[in-house]
Amino acid sequence: MEGKISIYQVLPRLFDNPSGANVPNGAFETNGSGKLNAFTPAVLKEIADLGCTHIWYTGVLDHATLTSFPGKPGDHPAIVKGQAGSPYAIRDYYDVAPELAEDLEGRIREYHELIERSHRAGLRVIQDFVPNHVSRAYRSEMKPGYVKDFGEEDEPKKSFAKNNNFYYLPNSTLVLRSPAAGMANKDYMEFPARATGNDVFSASVTPNDWYETVKLNYGVDYYTGARHVDEPVPDTWQKMLDILLYWSAMGVDGFRCDMAEMVPVEFWRWCISRVRMSYPDVIFIAEIYRPDLYLDYVYAGFDYLYDKVGLYDTLIRVIKGEAPASDITRSWQQTQGVKGHLLHFMETHDEQRLASDFVVQDGHKAFPAMAVSTLIDSGPILTYFGQELNERGMDEEGYSGCDGRTTIFDYWQVPSIRQWIGDKRDFSGAELPPEAKELREKYRWLLNLAVKEKVFGRGQFFDLMYANDDRLDPRRHYAFLRATDGEFALVVANFSDQPSELNIRIPGHAFGTLHIQSHGLFYVKDLSTDRLGVAEARPDDLYPIEVPAYGVAVRYFMLP
């Protein structure tokens, strides 16, 4: 594959829910749930045709929920967020969420079949791995016979022991304030109390904490600061390695590792190398928000790291009019040493929808940001389901209220996805409003461009802002080059509501840095319009280019 990785993130619970009841705080029996089997070959082909190479199924693993299924009772409301529960409060690492299955007893088989269908559609599968914490109700019924449950062999009278899986607060009872339960502790009992997932080493837990989870122990004594990670490795390490190997054997191609920075880097170095002994092509993506740790986690074996506090935050400020487009220059300058290792995105399950009232209200206005995020380097690009359909995320589904995000805690169906599926369930998009259809076509063009053109998969980057101070408006324009094998692409993004006719100077320094032949003839293809021509590329010449409002123009110079 000469292009880059393009990931489509989707929550199966919300993707194709035929109920459509959408009752706020509605139970499973009322609102229903999407199923794994809804991802038919036709649906997967549509996602692949959008320009995606990987699909990230979020919320597949069995997690805490209020819903009871045969042999799977619901959990106490004091330790569940929403009716459906958080996908990041895992209660069995070896099981699949029962609401996603048509055949409850065959739910793991159904997931395995989905993995195989995805592969046949040309999509590699990414799955969540949640290493920092588990549900307070964790108990694995589907684990292999040789596996011991988390905490099964712990010494709960010790606040810390190297081979304990949890951290304990001896002689303390958990005091749990849960907004979902509307009570303080009530009849939920945990003694001795265990530390909470967001590093709360107290028996008193607030509604703002990750109260539904317990912190896992990787050999770091948070009470003294001592690290006990030498051989033999802590028991939690072995358990987590087994989980990764189990799902890799199932055919999972990559793991998005939740809050990876909260787990010692020594574990990742040890674990990733061992997974790759058996599965060398498995990729690892770290959810990480501390740039000072980026290199440590790359050296530990991670392929890609979240670029949230860098490019994402910058682009959000730009599209909101809170920062000039020229700030993008500073953003990429701060990523020296990890270029190509950053996963770019403009939406995820954690972030507000671009078209929501909390961001810019219209996904078209955010398209130049998505284009920059996609084309700026060889790192992967992520599209969150519904993003390409102008999904607004303005429903008040239940647990989180109306916050501009698509819920991960409730049973629901996403409005734009429901329109794309259609009453005939033909996924034609016939019921989508015109602006959603138009945006999806823009995304199809952009993502296919990224994955198919080698210049965007492995080309070098060159910022053109400094050479065009008098030709570009720094508030609304951003221009750069990508180049490889002597060919190059000129990319100009326009963050304003007016089209721009520009003349871009490509300095001689760019030709030398990118190894582009000067004074040579090139075939020139306008990748926005597919117009072809011939031109001579000469240092310091001006290159005319038209950029639509809230759009991007891409001109590719190819060797004859």
Side-chain angles (χ1 to χ4, degrees), residues 25 27 61-68 72-93 130-140 149-226 234-236 239 258-259 261-263 350 398-401 403 407-410:
N25 290 303
L61 296 186
D62 183 37
H63 52 272
T65 178
L66 295 183
T67 309
S68 293
K72 278 276 188 183
D75 297 300
H76 194 288
I79 57 167
V80 179
K81 289 183 175 177
Q83 288 284 333
S86 168
Y88 297 98
I90 305 298
R91 67 177 179 181
D92 189 343
Y93 275 113
V130 189
N132 175 68
H133 50 267
V134 294
S135 165
R136 299 202 101 94
Y138 188 91
R139 182 187 174 195
S140 177
D149 249 350
F150 287 98
E152 185 176 336
E153 296 181 326
D154 278 7
E155 299 178 75
K157 292 183 179 180
K158 295 182 178 180
S159 57
F160 169 82
K162 177 179 177 176
N163 286 314
N164 274 1
N165 298 134
F166 302 126
Y167 297 94
Y168 294 90
L169 299 145
N171 303 316
S172 297
T173 300
L174 185 70
V175 179
L176 187 65
R177 299 173 181 85
S178 166
M183 62 187 79
N185 227 20
K186 192 72 174 178
D187 56 345
Y188 178 78
M189 175 62 67
E190 183 176 301
F191 180 87
R194 294 169 293 174
T196 297
N198 59 319
D199 292 354
V200 174
F201 293 84
S202 166
S204 181
V205 183
T206 76
N208 294 324
D209 292 317
W210 303 349
Y211 58 82
E212 79 280 27
T213 68
V214 285
K215 173 83 172 177
L216 287 169
N217 170 16
Y218 283 80
V220 177
D221 186 348
Y222 284 85
Y223 300 100
T224 66
D235 182 72
T236 301
K239 284 183 166 67
D258 186 72
M259 295 308 298
E261 67 185 39
M262 297 181 75
V263 173
D350 287 317
Y399 178 78
S400 298
D403 62 357
T407 181
I408 64 171
F409 306 107
D410 303 282

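Note that the structure is a prediction, hence the values are computed from the model and not measured.
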### Task
Go through the steps to decide whether V205 and V175 satisfy the test side chain to side chain contact (heavy atoms under 4.5 Å, CB included), and finish with yes or no.
CA-CA 6 Å; V205 183; V175 179; over 6 Å; no
### Message
Checking side-chain polar atoms at under 3.5 Å, does Y167 have a donor or acceptor matched by the opposite partner on N217?
### Response
yes
### Query
Would K215 and N132 count as a side chain to side chain donor-acceptor pair (under 3.5 Å) if you check the C-alpha gap in whole Å, the side-chain angles of each, and the deciding distance to 0.1 Å?
CA-CA 6 Å; K215 173 83 172 177; N132 175 68; 2.5 Å; yes
### Test item: L169 and S202 side chains (from C-beta on) under 4.5 Å apart, heavy atoms
no
### Summary
Taking every heavy atom of Y188 against every heavy atom of L176, the minimum-distance pair comes out as CD2-CD2, 4.0 Å
### Query
What distance do D199 atom CG and M262 atom CE have between them, rounded to the nearest 0.5 Å?
3.5 Å
### Message
Within the 4.5 Å heavy-atom criterion, are P234 and K162 side-chain neighbours or not?
### Response
yes
### Message
Using side chain to side chain contact (heavy atoms under 4.5 Å, CB included), reason through S135 and I90 one step at a time and then give a plain yes or no.
### Response
CA-CA 5 Å; S135 165; I90 305 298; 5.8 Å; no
### Query
Does R91 come within less than 4.0 Å of D75, counting only side-chain N to carboxylate O?
yes
### Task
Please confirm whether Y222 and F160 have ring centers closer than 6.0 angstrom.
no
### Message
Do N165 and T236 pair up side chain to side chain, a donor and an acceptor below 3.5 Å, judged on atom types alone?
### Response
yes
### Message
Quick test of your reading of the model: are K72 and D62 salt-bridged, counting only N-O distances below 4.0 Å?
### Response
yes
### Task
Any chance you could measure T65, atom OG1, to K81, atom NZ, to the nearest 0.5 Å?
14.5 Å
### Query
Closest heavy-atom contact between Y211 and T206?
CD2-O, 3.9 Å
#### Entry: salt_bridge(E212, R136) N-O dist < 4.0 Å
no
#### Entry: Closest heavy-atom pair and its distance - A161, E155
CB-OE2, 4.5 Å
### Query
Do H133 and N198 come close enough that some side-chain heavy atom pair is under 4.5 Å?
no
### Message
Please find the pair of heavy atoms, one from V214 and one from F166, that lie closest to each other, and give the distance.
### Response
CG2-CE2, 3.6 Å
### Task
Drop me the distance from D154's CG to N164's CG, to the nearest 0.5 angstrom.
4.0 Å
### Query
Is it true that a side-chain atom of H63 and a backbone atom of L61 form a donor plus acceptor pair closer than 3.5 Å?
yes
### Query
Does the side chain of V80 reach to within under 4.5 Å of the side chain of P77, using non-hydrogen atoms?
no
### Message
Nearest 0.5 Å, please: how far is OG in S172 from CZ in F191?
### Response
7.5 Å
### Task
Flag the pair P170 / S159 as yes when at least one side-chain heavy-atom distance between them is below 4.5 Å, and no otherwise.
yes
### Query
What is the minimum heavy-atom distance between P192 and Y168, and which atoms define it?
CG-CD2, 3.9 Å
### Query
Below 4.5 Å, heavy atoms only, C-beta onward: do Y218 and P131 meet side chain to side chain?
yes
### Task
Would you sort out whether R139 and D92 count as a side chain to side chain contact (heavy atoms under 4.5 Å, CB included), showing the intermediate values?
CA-CA 6 Å; R139 182 187 174 195; D92 189 343; over 6 Å; no
### Query
Parallel, tilted or perpendicular for Y93 and Y138, by the 30°/60° rule?
tilted
### Message
To check you understand the geometry: which heavy-atom pair defines the closest contact between T213 and A89, and what is its length?
### Response
CG2-CB, 4.0 Å
